[in-house]
Student: 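Got a structure for you, written out below as structure tokens; questions coming shortly.
Computed from heavy atoms alone, side chains included, the values below leave out hydrogens, waters and symmetry copies. Sequence lines set the chain letters: A, B, ... in the order given, protein chains first and strands last, and positions in each chain run from 1.
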Amino acid sequence: MIDIRSLRTDFEATKAALARKKVDPADVDRAVALDGRLRDLATQRDELRAQVNTLSKQVGQARRDGDAATGDQLMADSRRLGDEESKLADEAAAVEADLRDLLLRIPNVPSDSAPDGDTDADNPVLRIQNYAPERFGDHQRIPHWEIGAALGILDLERAVKISGSMFSMFRGPGATLARALCQLALDRNADAFEEVRPPTLVTSATLTATGQLPKFADDAYHIERDDLWAVPTAEVPLTSLARDEILDEADLPTRLMAYTPCYRREAGSAGRDTRGLLRVHEFDKVEILAYTTPEQAPAMLDELVARAEGTIDALGLAYRVIEICVGDLGQSHHRSYDIEVYAPGCDMWLEVSSVSWFSDYQARRANIRYRPSEGKGTALVHTLNGSALAVPRVWAALVETYRRDDGSVVVPDALRPYFRGMERIEAR
RNA sequence: GGAGGGAUGGCAGAGCGGCCGAAUGCACCGGUCUUGAAAACCGGCGGGCGAGAGCCCCGUGGGUUCAAAUCCCACUCCCUCCGCCA
């Protein structure tokens, strides 16, 4: 959630910032109107409550003094005021619910530094690494679904039989490769990040904290019977890990990482980029996440990008880093970068990591605060996260990049420790 | 799934429908004392909203009442036992 106070004290600037993200100005105006109305109602309600509370205390005093007549009179007064109070309270509660519902749907304010733009076509490319198109041979221009089928390491047909379209199944060294990628990502970040294995079925409250609910319910798998949701990313449970808690500033930044399966219905993307492993309903990912003070956040954003990028680089893949323009920024995002890996067989740049800074947007929803070591009170933390490594697309780019002209796929050096001595994946 | 017990401040733990945002102990912070520390003593010590007066928060939501931590209902979670089971 955005800070409603920023709409009170800095209305025009906040509205303008939200307009960069294509927020309907009418929604912003409505939020301010509801907030004003709520505060009026709350003030009136609180004044009545104060009177009722005072009268009630006097009733008790009169009773103790044995003055029943005064007590009865005060009681009648209090009852009358109480009736008025409850009407105002009902009205205030209704306005508050409307305001909250609206606020949960208003996106985060983008960073002033986020570049202008409307769509992903406007995202500036910051750098390109390891990419030299002329160096890819014909043997690398085979899409991974063909390589996977030929080597018997990717069994899409049977995955469809088991679970339907857009599910995948790795086999033999292909499964080892998927797991090795996760292990590599965890190992590379274990110097600073605590490894967590969180639950992957979560409550609605958990999914609301990170921003998936209420707006994007259609994108997530929901288990009706138990009212639980399958996580689309480990960001969801890791962010709620500290929900409703107050951290010590000394504990910040807090760095967490988790390997989990991720579940996405991909409701709005039927038919787009769905061949092979490009878009699947279930995949494995290692997520890295941090809680920071506002001051620590920019450096943490850089750190997360560097870590995500470093793993792709260690795998010897061609990739590029792009910054997300305001028009393409997700609802909760303040500033984001994507890492896209080049898959020579598909001849496509595939998004394999999205690293984002959420400012206090998620922290406000999740009520995650810290106690500053200087000064009084509490303040909201900032949350940041990114994929350290998402399996399917990296798997795809990797088998395409490391395919030799004899059809086998070489295991990259970085993954050798996880391959039980195997150096090359060959047809069975 | 069945039966029973429970949920109060960082922790432990009192709490009669009104004098309870809440005793007490521990922890923590400041001070006195001390060469320093400990002990002792004194003081402080939850969070949220609000410009403020003030209001709200005793698991959550609802109800009864002039008045609810306290009574009633529902739900959630925890503990014990039974059943099932990686």
Student: Quick one: Asn367(A) CG to rG46(B) P, roughly how many Å, whole number?
Tutor: 18 Å

Student: Check the distance between rG50(B)'s P and Leu41(A)'s CG and give it to me in whole angstrom.
Tutor: 15 Å

Student: Rounded to whole Å, please give me the gap between CD in Glu85(A) and C1' in rU65(B).
Tutor: 14 Å

Student: Quick one: is rC66(B) close enough that its OP1 or OP2 comes under 4.0 Å of any side-chain N or O from Arg63(A)?
Tutor: no

Student: Can you check whether Asn53(A) has a side-chain N or O nearer than 4.0 Å to OP1 or OP2 of rC56(B)?
Tutor: yes

Student: Ignoring backbone atoms, establish whether Arg79(A) has a side-chain N or O less than 4.0 Å from OP1 or OP2 of rA67(B).
Tutor: no

Student: Mind calculating the distance between CD (Glu47(A)) and C1' (rA51(B)) to the nearest angstrom?
Tutor: 14 Å

Student: Please state the C1' separation for the pair rG44(B) and rG10(B) - nearest whole angstrom.
Tutor: 16 Å

Student: Provide the Watson-Crick or G-U wobble partner of rU80(B), both distances under 3.5 Å; none if there is no partner.
Tutor: rA3(B)

Student: Which residue, Ile246(A) or Gln58(A), contacts RNA chain B at a nucleotide closer to its 5' end, judged by nearest heavy atom?
Tutor: Gln58(A)

Student: If we take the P atom in both rC84(B) and rG15(B), what is their distance in whole Å?
Tutor: 40 Å

Student: Can you check the distance between rA86(B) and rU76(B), where both ends of the measurement are the P atom (answer in whole Å)?
Tutor: 26 Å

Student: Looking at Arg49(A), does any N or O in its side chain come under 4.0 Å of the phosphate oxygens OP1/OP2 on rC66(B)?
Tutor: no

Student: If you assign each of Thr54(A) and Gln61(A) to its closest nucleotide in RNA chain B, which residue comes earlier from the 5' end?
Tutor: Gln61(A)

Student: Measure from the side-chain N and O atoms of Thr254(A) to the backbone N and O of Asp251(A), and report whether any donor-acceptor pair falls under 3.5 Å.
Tutor: yes

Student: Given rC49(B), rG47(B), rG18(B), identify the nucleotide with an atom nearest to the side chain of Arg5(A).
Tutor: rC49(B)

Student: Side chains of His222(A) and Asp227(A): any donor to acceptor distance under 3.5 Å?
Tutor: yes

Student: Considering only atom P, compute the distance from rC75(B) to rU65(B) and round it to an integer number of Å.
Tutor: 23 Å

Student: Assess the side chains of Gln362(A) and Thr210(A): does a donor N or O sit below 3.5 Å from an acceptor N or O?
Tutor: no

Student: What distance separates Phe419(A) CZ from Arg179(A) CZ, expressed to the nearest 0.5 Å?
Tutor: 8.5 Å

Student: In whole angstrom, what separates Gln44(A)'s CD from rC49(B)'s C1'?
Tutor: 16 Å

Student: Which one is paired to rA53(B), where only Watson-Crick or G-U wobble pairs with both distances under 3.5 angstrom count?
Tutor: none

Student: Between rC20(B) and rU70(B), how many Å separate the two C1' atoms, rounded to a whole number?
Tutor: 10 Å

Student: Between Glu282(A) and Arg264(A), is the closest basic N to carboxylate O distance under 4.0 Å?
Tutor: no

Student: Provide the distance between the two C1' atoms, one in rA39(B) and one in rA53(B), to the nearest whole Å.
Tutor: 46 Å

Student: Looking only at atom P, what distance separates rG25(B) and rU80(B), rounded to whole Å?
Tutor: 32 Å

Student: For Arg171(A) and Asp155(A), which heavy atoms make the closest approach, and how far apart are they?
Tutor: NH1-OD2, 3.0 Å

Student: NA contact type, Arg369(A), heavy-atom cut-off 4.0 Å: base, sugar-phosphate, or nothing?
Tutor: sugar-phosphate

Student: In the strands shown, is rC71(B) matched to any nucleotide by a Watson-Crick or G-U wobble pair with both distances under 3.5 Å, and which?
Tutor: rG63(B)

Student: Using a cut-off of strictly less than 4.0 Å, decide whether Arg371(A) has a side-chain nitrogen or oxygen near OP1 or OP2 of rG46(B).
Tutor: no

Student: Does any nucleotide pair with rU24(B) by Watson-Crick or G-U wobble geometry, both distances under 3.5 Å, and what is it?
Tutor: rA12(B)

Student: Considering Watson-Crick and G-U wobble pairs with both distances under 3.5 Å, what does rA38(B) pair with?
Tutor: none

Student: Let me know the distance between CD of Glu245(A) and C1' of rG46(B), rounded to the nearest Å.
Tutor: 15 Å

Student: What's the gap between rG47(B) and rG62(B) when it is taken at their C1' atoms, as a whole Å value?
Tutor: 24 Å

Student: Rounded off to whole Å, could you give me the CG-to-P distance for the Asp46(A) and rA51(B) pair?
Tutor: 12 Å

Student: Could you tell me whether a side-chain N or O of Ser6(A) sits under 3.5 Å from a main-chain N or O of Asp3(A), the two making a donor and an acceptor?
Tutor: yes

Student: If I take atom CG in residue Leu74(A) and atom P in nucleotide rU65(B), what distance separates them, rounded to the nearest angstrom?
Tutor: 19 Å

Student: I want to check one thing: is the phosphate of rG50(B), taken as OP1 and OP2, less than 4.0 Å away from some side-chain N or O of Thr43(A)?
Tutor: no

